[in-house]
Protein chains: 2
Amino acid sequence: MLTNRQLQILKVIIDDFILTAQPVGSRYISKKESVDFSPATIRNEMADLEDMGFLEKTHSSSGRVPSEKGYRFYVDHLLSPSELSSKEKTIFEETFGKRVLEFEQVVEKSAGILSELTSYTSIILGPEVFENKLKQLQITPLTEEAAVAVLVTNTGHVEHRVFSVPVEIKPSDLEKMVNILNDRLQGIALIELPNRLNEEIFSLLREHAEHYNDAIKYLRSALVNDRPAKLYVGGKTNMLMQPEFRDIDKIRSIMSMIEDERDIAKLLKTNDRGIQTMIGHENPFNALQNCSIITANYYLGNQQVGTVALLGPTRMEYNRVVALVEELSKHMTKTFKEWY
Amino acid sequence: MLTNRQLQILKVIIDDFILTAQPVGSRYISKKESVDFSPATIRNEMADLEDMGFLEKTHSSSGRVPSEKGYRFYVDHLLSPSELSSKEKTIFEETFGKRVLEFEQVVEKSAGILSELTSYTSIILGPEVFENKLKQLQITPLTEEAAVAVLVTNTGHVEHRVFSVPVEIKPSDLEKMVNILNDRLQGIALIELPNRLNEEIFSLLREHAEHYNDAIKYLRSALVNDRPAKLYVGGKTNMLMQPEFRDIDKIRSIMSMIEDERDIAKLLKTNDRGIQTMIGHENPFNALQNCSIITANYYLGNQQVGTVALLGPTRMEYNRVVALVEELSKHMTKTFKEWY
DNA sequence: ATTTAGCACTCGGAGGATATGAGTGCTAAC
DNA sequence: GTTAGCACTCATATCCTCCGAGTGCTAAAT
């Protein structure tokens, strides 16, 4: 168990290190207004905190630096999430105040302001469209052999896919099929579409169209949706301004990781409510060992649709950042709610 | 006028510097098989080449480094574009051999292989959609107050836009309007749509729909297309591997520039045929002063639709790179042709 | 008239010595 | 339990020296 004094000293050290990125020494701490123990006392406490694993030294005679365990403790017990500044508040209000109709735009903008306000890199996992319900299907022939299928969902999301059509199938057949499909598939989740095509609709189509076998084969290819949720990233270059990433090789591995999207997307797909933090090695990726990630999901009703995340160095301004990520996710949830 | 010997020496120096990124000395050159002048002779020639502005020194007793003028001369007169290696050829064949139906995918893939093969950053300016002809318009009501307009063009490109609909307008009205519009606007270039809406169609709509005034106002907002051509970037992190960009600040300004897209898009919009090169200060942007850009347009018939570009350090492997960019642009042009 | 050998000179970079200062741990006194 | 005092450690900065790669110039060789 930590004494009050230890708590206080630990907090001061971490707060200060987050600000300056420099190891913190005992003399420096003792000069703070809020502190009036002598440097020697503080040194003793620091030695104890180090024994307990909350602090580290960069070399034998350096000041102390928080360990990952230290950050973890700080985030779990010492953090007092800051109020948003009035400037931050107005930015949120301006962004979410005006009515925007396209979800993409909201997310993109959100990623922008989050990275702007924090100077870290924001990553927003867009909504999965698999669960969206089909509102309308349209097939437009392009050439003799190709057509484009357009799927509009209840959320206003539009998917399209060009697919080949065997020449034997006449446009009029195609039209009939689309009518049937529209009739039968409305309100079905996108991910269900290929299945549905099998069961009931199969026989219906057979009655109305020639070459239904071919047709179904190709239609299915048009209806299969395997696109992963989109990632919206803001402030990629912010990472380059962090003193811990002066090293080109570190930056490169982080950048490649963000560029690649797949791992990141996997990492962010959590179902937990509220703010989540991953500090340093708590994430499995080598490239991100000096990073922390703050995430919060956003919802439509009770269903989670996506995730807001912020990537920065482990030495992150947790108090500000946590407040901002939380606020943003709330705003996004609210926006969703207003729409549907 | 340069003597043959000067040409030869200049070429050797630039070739070598491109390879090693190290200043080239006289002794080193004289040891090359293809050269048999003494170091002293070479030094004299180098001094002359420096006077003429083709070479530079990094400090008073260093070897020589090409100046921008040197690179320019090299590219214009000394370059023998290399044949593609068999490995490169097969990669191109594999990529463009199989039939892909979506243009986006082709471009994305292209950007990928170009950056892969060159280790630089590839940037492909996608086709402008303004000139595409409308194939089909569809409007799907989402809620009482919002609908999504989907535009399919002759190239299979799909645009969509959510717009608000005044409550007075009934879905049946909307449907009528869409029918009229589809009838009247088919084959019209996207960029023309808002204009066309004015002239002829105005009166037609008036006859068939109530509240046509409101309707037109909102419809226009749905048909206006102000989306710029998309930029496809591959190998952003490749820049981080160039020794001239070990400096974080340089990297940051380059990255921000690429991230921002607007300036780059403007820079790439040229109409010239064939391979274009911009070396160092030939481009107006501070961030790219140590970079060269190779571009080639790709075409549909005779009409230019987009641009392939490669961004690297001025010390670029021009001979390989020029061949690759050219080859890629040709493949893309060919793919286009096959489609339409 | 070129070309080349020779030599003095320049500069960057590597390596080593030294000083400085911020910081620690420990001990003994308060 | 707290603190003053002191010896000790290590990173960093500075200075010096040395080395080598490279040059420019001059005078000799072709």
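First the proteins, then the strands, lettered A, B, ... as listed; each starts at 1.
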Does a side-chain N-to-carboxylate-O contact under 4.0 Å join B:R5 and B:E45? yes
Heavy-atom contacts, protein to nucleotides 3-22 of chain C, under 4.0 Å, summarised as B (base), S (sugar-phosphate only) or - (none) per nt, yield SBBB---BBS---------B
Quick one: is D:dT9 close enough that its OP1 or OP2 comes under 4.0 Å of any side-chain N or O from A:S62? no
Between A:K57 and C:dG25, does any side-chain N or O lie under 4.0 Å from OP1 or OP2? yes
Within the structure provided, determine whether A:T118 and A:E317 are in side-chain contact (heavy-atom separation under 4.5 Å). no
Between C:dG25 atom C1' and A:D51 atom CG, what is the distance in whole Å? 12 Å
Rounded off to whole Å, could you give me the CD-to-C1' distance for the A:E50 and C:dG23 pair? 13 Å
Take atom CG of B:L55 and atom P of D:dT23, then tell me their distance rounded to the nearest Å. 11 Å
Over how many whole Å does the gap from B:I13 atom CD1 to D:dT23 atom C1' extend? 13 Å
Starting from P on D:dG22, measure out to CG on B:D16 and report it in whole angstrom. 11 Å
Is any side-chain N or O of B:R64 closer than 4.0 Å to OP1 or OP2 of D:dG24? yes
Are the side chain of B:N297 and the backbone of B:R273 linked by a donor-acceptor contact shorter than 3.5 Å? no
Could you state the atom-to-atom distance from CG of A:N4 to P of D:dG1 in whole Å? 16 Å
Look at A:R64 together with A:E56 and state whether they make a salt bridge at an N to O cut-off of under 4.0 Å. no
Report yes or no: does A:E68 contribute a side-chain atom to a donor-acceptor pair with the main-chain N or O of A:H281 at less than 3.5 Å? yes
Ignoring hydrogens and angles, tell me if any N or O in the side chain of A:Y120 forms a donor-acceptor pair with the backbone of A:E116 under 3.5 Å. no
Flag for B:S256-B:S253: side-chain donor and acceptor within less than 3.5 Å: no
Whole-Å distance between D:dA4 P and A:I42 CD1? 11 Å
From CD1 of B:I29 over to P of D:dT23, roughly how many Å is that when rounded to an integer? 8 Å
